[in-house]
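Accompanying notes for the structure given below.
Because the structure is predicted, anything quoted here is derived from the model rather than measured. In this chain, numbering begins with 1 at the start of the sequence shown. Indexing begins at 1, ligand by ligand and atom by atom, following the structure's order.
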Amino acid sequence: MTITIHRGINQIGGCITEIASSSGTKILIDLGHNLPEGDEPSEDKYEDSENLSALLDGVKAVFYTHPHGDHVGFETEVAKRGIDQYIGSLSKELMILLKGHLAYNGDPKFKAELEAFKKFRTFEAKKRIPIDDISITPYFVSHSAPDAYMFLIECDGKKVLHTGDFREHGYRGKGLIPTINSYIAHRKIDVLITEGTMLSRNDSRLMTENELKYNAIDIFRQHRNIFVMCSSMDADRLASFYQAAQAVGKMFVVDGFQWKVLETIGNTLGTKSILYRFPKRRYYENHMDTIRNAAQTNGFVSIVRNNVKSREFIEAIYPTLDPKETCFIYSQFLGYILPTHSAFQQRTYDFVHSREWQIEYLHTSGHASREALAMVCNKVNPRLAIIPIHREAESDFRSLDIPQELKDKVHTESTTLEGVKIIIK
Ligand SMILES: [Zn+2]
């Protein structure tokens with residue numbers, strides 16, 4: 001077996017992992033874009049069709065851990081080459097909703113992406129999928145995308161666990177270690193490929209999503225009307241703010257697209273947990289009078305994004321609000337609005353600071369804490385190697401609280417171990 005880390009050994013986002021069997025079967029895990037730096041998309045060598053063709057040459061299937069843009073991004077090009085693409089079924093549904101929304105005005109790029117997603121095959125947790133002599137079994141993980149997976153890959157008699165992006169402090173993160181204990185640890189993993197986003201970020205304990213909900217309740221109690229900027233696909237975060245709004249009796253307001261996203265999440269995850277049901281949501285396109293009334297009484301919590309719809313809503317409602325009673329919660333990565341940070345986005349900063357409201361920062365990461373990373377390494381206890389990806393170049397996986405024996409197995413350069421060829425580009 002050959003494991004090739006095409007991208008991701010020294011960067012967060014844009015990770016591409018290839019697994020090839022000795023007989024030549026090849027699959028890829030994740031194929032997304034480099035994360036943007038600042039307001040503009042960053043350069044990506046796979047935008048060049050020749051580079052992408054070389055990467056996809058002989059690839060039988062691409063498996064996506066979850067549909068964030070740094071994990072899925074070349075779906076039209078992959079589909080054009082007749083290669084099968086696999087993702088979780090809720091992810092597929094949400095991406096069809098999103099691309100359909102973006103393609104509404106007939107933009108050919110979004111239309112092509114919509115068609116590509118419609119052809120995606122889906123997998124289910126714990127159901128093994130054979131691709132010739134490689135097999136892939138997905139296991140659910142908690143992340144800031146609601147339908148994310150790690151993969152157990154079996155090839156040439158060896159086993160690889162690819163974690164994708166994951167966390168332990170989300171609502172469903174408590175299932176992480178039991179999943180590893182029940183389905184993975186005893187299968188004797190040879191190679192662990194794991195994310196390490198938080199490796200070089202500080203050591204302090206991360207706020208759980210449940211704690212974030214209680215912090216939101218505190219903020220909601222101090223202000224009459226609240227705008228919240230968060231990811232429109234992060235089911236956990238939306239649930240936190242929805243639950244907090246219910247706890248203090250405020251109207252929960254979204255736009256028409258968000259309304260449909262919450263409906264989809266409610267019809268899927270909501271059938272298993274009341275946490276993911278949003279029955280009392282209103283969309284502002286049709287309920288402006290009711291929202292204006294609410295704004296003068298108990299108040300509202302409105303999910304907004306930096307787009308035309310949200311800006312129009314703010315434009316319409318803000319003049320009727322008292323700025324001293326109005327709050328804007330920024331619930332995303334802080335770097336985007338820190339002028340000194342390399343990820344700083346001027347447009348996001350301007351949006352957040354566009355009114356006289358009070359700004360609050362309330363966020364917790366979608367990625368594994370250092371503690372959770374160490375725990376996964378210890379539990380999986382891989383026989384041959386640990387390959388850290390999705391991490392900052394200067395971060396050191398060996399700085400985790402893991403035994404020396406495991407530290408010695410961390411590989412960030414090409415090597416061959418018991419017939420497993422590891423190529424790191
Ligand atoms: Zn992600």
Side-chain angles (χ1 to χ4, degrees), residues 5-17 28-37 41-42 44 62-75 85-95 97-99 117 120 123 125 138-151 161-173 175-176 193-201 206 209 212 229-240 261 265 269 305 331-336 343 345 363-370 372-373 376 388-392 395:
I5 307 296
H6 286 281
R7 199 156 70 179
I9 199 71
N10 55 9
Q11 64 176 59
I12 292 175
C15 299
I16 305 166
T17 304
L28 291 186
I29 300 180
D30 287 342
L31 174 53
H33 289 283
N34 284 329
L35 284 173
E37 274 187 24
S42 56
D44 199 313
V62 183
F63 282 77
Y64 298 104
T65 54
H66 65 285
H68 281 159
D70 58 324
H71 295 258
V72 186
F74 296 90
E75 62 278 5
Q85 303 184 80
Y86 289 81
I87 202 161
S89 57
L90 172 56
S91 294
K92 176 176 173 177
E93 217 177 312
L94 288 171
M95 289 313 280
L97 195 63
L98 173 67
K99 300 296 178 183
F117 269 107
F120 268 46
F123 51 68
Y139 294 95
F140 173 80
V141 288
S142 167
H143 180 44
S144 44
D147 190 35
Y149 296 86
M150 56 184 166
F151 296 131
L161 183 72
H162 186 301
T163 66
D165 293 357
F166 71 98
R167 64 176 182 171
E168 212 213 352
H169 55 285
Y171 288 121
R172 292 174 290 162
L176 176 68
I193 303 171
T194 171
E195 74 131 306
T197 318
M198 303 298 282
L199 268 179
S200 53
R201 301 198 185 154
L206 295 174
E209 197 63 45
L212 184 143
M229 185 176 190
C230 68
S231 156
S232 51
M233 294 280 185
D234 182 347
D236 277 15
R237 188 59 44 84
L238 292 162
S240 295
V261 168
I265 293 170
L269 303 180
R305 285 166 290 146
S331 186
Q332 299 186 150
F333 178 51
L334 189 59
Y336 297 146
Q345 298 172 350
H363 181 56
T364 191
S365 177
H367 295 280
S369 62
R370 290 174 56 85
L373 290 173
V376 167
I389 60 169
H390 206 281
R391 65 179 187 104
E392 274 161 30
S395 67

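- His68 contributes ND1 as its N, O or S atom closest to the Zn ion (ligand 1).
- By the 30° and 60° cut-offs, the orientation of the rings of Tyr64 relative to Phe120 is parallel.
- Classification of the Phe140-Tyr149 ring pair by plane angle, with boundaries at 30° and 60°, yields perpendicular.
- When distances to the Zn ion (ligand 1) are checked against a cut-off of 2.8 Å, Asp70 contributes no N, O or S atom below that limit.
- When every heavy atom of Leu90 is checked against every heavy atom of Asp147, the shortest pair comes out as N-OD2, 3.2 Å.
- Around the Zn ion (ligand 1), the two atoms NE2 of His143 and OD2 of Asp165 are separated by an angle of 90°, to 10 degrees.
- Ring-plane geometry between His143 and His66 is classed as perpendicular, the angle between the planes exceeding 60 degrees on a 0 to 90 degree scale with a lower cut at 30.
- Backbone or side-chain N, O or S atoms of His71 do not reach the Zn ion (ligand 1) at under 2.8 Å.
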